[in-house]
Amino acid sequence: MMPPMTKRLSIGLPPLGVALLLLAVGVSIPEKWWAAAESAVAEHWGVLALASLGVLITGTGLALRHNAVNPDAVPLPPTRPIKPFGTWLILAGAVLIAAVSMTAVLWLESLIPTTGTDAQRAQIQISVVRTGLSLGAGVAGTFALLLALRRQQLAERTQQATEYDAGEKRVTELYMKAADQLGSEKPPVRLASLYALERLAQDNPTHRQSITNVICAYLRMPDEAEAHSDQGDRTDASVYQKNAAWREVRVTAQQILGAHLRRDKDPRSKNHLHWKGVHLNLAGATLLDADFNNCHLTGANFTGARFVGDATFTGATFYDIAWFDSTKFENEVNFSNSRFMRGASFESSSYADQAYFRGTEFQGPAVFNEAAFHSDLHAARSNYQDDAWFVGVTVSGMGYFSWAQFSAATMFTGAEFRRSGVFHEARFFPVTDFTEAQFFVGAALAGATVEGPPVDAPAVWPLGWKVDSSGERLVRDDLGDSDPPHQDKA
């Protein structure tokens with residue numbers, strides 16, 4: 001923390017320095033220039049006054065217009081306290097006024113000519129005293145102006161605090177009412193509550209995270225469509241058809257989150273619908289036809305979530321570690337062209353249908369340990385800039401990794417490809433381990449290369465493959481089977 005004296009000096013020294021610089025500039029200006037400027041002002045003072053007034057009015061109007069059209073212009077709390085003036089300031093002001101008056105009088109008296117009658121000299125001395133007192137009065141007026149400005153600041157701060165308290169009270173009342181309606185037994189009331197919360201968050205950026213937390217908490221609650229159904233089969237599509245109203249509420253909550261996590265495609269435009277910096281906690285949630293295409297997620301936790309229907313994250317950007325551990329995707333899921341800026345964890349996740357990771361970029365560790373893909377895994381052209389872990393992963397269909405780039409340690413230890421793993425033209429890091437990996441139809445690594453600095457521990461490649469004499473390309477050896485007929489569709 002800055003010491004008090006240092007803080008005072010940091011506030012007072014810059015204006016003093018600016019004043020000295022202006023004084024130096026003024027002294028350096030030739031006297032004839034001052035005379036010309038004085039003559040111009042005296043001749044055109046009316047025009048200059050009108051121009052100054054016009055600039056002042058224009059600037060005030062623009063400032064008011066900016067505040068009026070700014071969608072985020074909401075009452076804000078007072079930023080810093082205004083400390084009261086110390087009693088020493090009164091004494092310092094009185095001393096300054098007296099010093100200025102006396103200095104002016106003494107200086108002007110030194111300029112009085114010695115010639116002239118006593119009456120003339122007395123008249124000049126009276127004028128000198130009057131001028132010195134006028135300068136002192138000017139300093140006193142400056143202090144009075146400072147006190148008036150201080151009172152204005154206090155009044156504005158009080159008004160700001162009043163408006164902020166009133167706005168917070170109103171927001172709290174609306175928030176409590178909408179949250180209470182979210183627990184209604186009537187689906188239309190819940191829909192109205194969700195839209196009310198959305199509008200509240202849109203108008204009050206400081207409350208967006210808390211309102212997002214409420215919507216996420218609602219999605220983490222048990223699925224009403226199943227809770228109100230007499231049928232016991234959780235995967236039966238008729239469960240949701242018979243409870244369309246409850247399904248609509250849950251889908252609407254997801255759509256609200258998705259709509260405000262997307263940015264405008266044109267970077268030059270200002271998308272005021274985007275809620276920047278919002279974190280999602282959907283651990284254990286049941287999500288229906290989840291659509292997070294092109295969303296920008298600062299934090300995302302989908303641990304143990306259940307995705308019913310297709311789930312799409314195409315083009316999504318995750319700025320923090322994304323958590324999908326033990327997540328169940330009951331239909332097709334698409335992460336194509338998405339970016340994980342700090343990595344992602346899909347450990348023990350389950351995929352009942354096609355899983356797409358085409359062109360997906362992992363700038364941090366990618367963990368898929370013990371993941372179960374019950375259909376095809378499409379990861380062509382995926383990019384792993386950090387460690388990639390596929391230990392114990394199971395792929396019941398085809399595993400496509402053609403043109404994938406593994407730039408760090410890659411572990412497929414104990415992986416099981418019940419058809420084939422296709423790694424055509426893939427680029428591997430020297431630290432690669434396929435120990436005990438099983439390819440029921442054989443592995444396909446035609447055109448795959450090894451790039452990176454040499455390491456002490458040798459890489460372990462799938463059965464039937466080895467590095468050629470150059471140490472850069474993978475070739476078949478005599479122990480392996482022929483390449484499987486299945487080709488990757490990039």
Side-chain angles (χ1 to χ4, degrees), residues 62-81 156-182 190-220 249-283 285 287 290-302 313 315-322 339 341-342:
L62 291 176
L64 293 175
R65 182 178 181 275
H66 173 74
N67 292 333
V69 301
N70 187 5
D72 294 338
V74 295
L76 298 176
T79 55
R80 58 184 178 86
E156 291 179 355
R157 185 178 183 276
T158 302
Q159 179 66 21
Q160 184 183 13
T162 301
E163 293 178 356
Y164 176 74
D165 292 340
E168 287 295 297
K169 182 179 179 181
R170 176 177 174 274
V171 168
T172 302
E173 292 175 352
L174 294 175
Y175 176 82
M176 294 300 295
K177 183 178 180 180
D180 182 63
Q181 291 177 342
L182 197 56
R190 293 195 182 187
L191 282 173
S193 172
L194 287 172
Y195 287 122
L197 288 172
E198 179 189 20
R199 180 179 178 183
L200 194 61
Q202 184 64 26
D203 295 338
N204 299 271
T206 56
H207 296 277
R208 288 174 180 173
Q209 184 59 61
S210 60
I211 292 175
T212 300
N213 293 341
V214 172
I215 298 176
C216 289
Y218 173 77
L219 292 173
R220 293 197 303 268
V249 176
R250 186 166 289 268
V251 171
T252 299
Q254 298 172 189
Q255 291 174 345
I256 289 175
L257 294 178
H260 293 286
L261 290 173
R262 294 186 181 92
R263 294 180 182 175
D264 198 294
K265 294 182 179 180
D266 186 357
R268 296 171 297 179
S269 63
K270 295 181 179 180
N271 185 359
H272 297 301
L273 295 178
H274 177 61
W275 295 352
K276 184 179 180 180
V278 169
H279 296 254
L280 294 186
N281 181 10
L282 292 171
L287 304 175
D291 182 5
F292 291 95
N293 284 338
N294 300 312
C295 286
H296 292 253
L297 299 97
T298 301
N301 185 2
F302 292 90
F313 290 85
T317 302
F318 298 82
Y319 293 98
D320 205 344
I321 299 176
R339 291 192 303 166
M341 309 298 286
R342 295 188 59 191

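Throughout, residue positions are numbered sequentially from 1 according to the sequence presented.
Applying the salt bridge (charged side-chain N to carboxylate O under 4.0 Å, His left out) test to Arg190 and every residue at least two apart in sequence or in another chain returns Glu224. Residues satisfying the side-chain contact (heavy atoms from CB on, under 4.5 Å) test with Gln181, not counting sequence neighbours, are Lys177, Val189, Ser193. The ring pair (Phe, Tyr, Trp, His ring centres under 6.0 Å) check on Tyr195 picks up nothing, with sequence neighbours excluded. Under the rule for a ring pair (Phe, Tyr, Trp, His ring centres under 6.0 Å), the partners of Phe292 that lie at least two apart in sequence or sit in another chain are Phe302, Phe313. Partners of His207 by ring pair (Phe, Tyr, Trp, His ring centres under 6.0 Å), not counting sequence neighbours: none found. Taking the salt bridge (charged side-chain N to carboxylate O under 4.0 Å, His left out) definition, one finds that Arg342 meets it with Asp320, sequence neighbours left out.
In terms of heavy atoms, Leu194 sits closest to Val249 at CD1-O, 3.5 Å. Across every non-hydrogen atom of Ala201 and Arg208, the tightest pair is O-NE, 2.9 Å. Taking both residues in full, the closest heavy atoms of Gly258 and Cys295 are given as O-SG, 3.6 Å, listed atom of the first, atom of the second, then distance.
Remark: Ile256 CD1 to Glu198 CD distance equals 4.5 Å, nearest 0.5 Å. Taking CD from Gln254 and CG from Asp291, the interatomic distance works out to 9.5 Å, rounded to the nearest 0.5 Å.
Looking only at side-chain heavy atoms (C-beta outward), Leu257 and Leu219 come within less than 4.5 Å of each other. With a 4.5 Å cut-off on side-chain heavy atoms, Thr317 and Met341 count as touching. Annotation: side chain of Asn281 is not in contact with side chain of Asn213 (no heavy-atom distance under 4.5 Å). By the 4.5 Å heavy-atom criterion applied to side chains, Lys276 and His296 are not counted as neighbours.
At least one test fails for Arg339 against the ring of Tyr319: distance under 6.0 Å to the centre or angle within 45° of the axis.
Side-chain contact check for Trp275 and Gln209: no donor-acceptor pair (N or O, by modelled atom type) lies under 3.5 Å.
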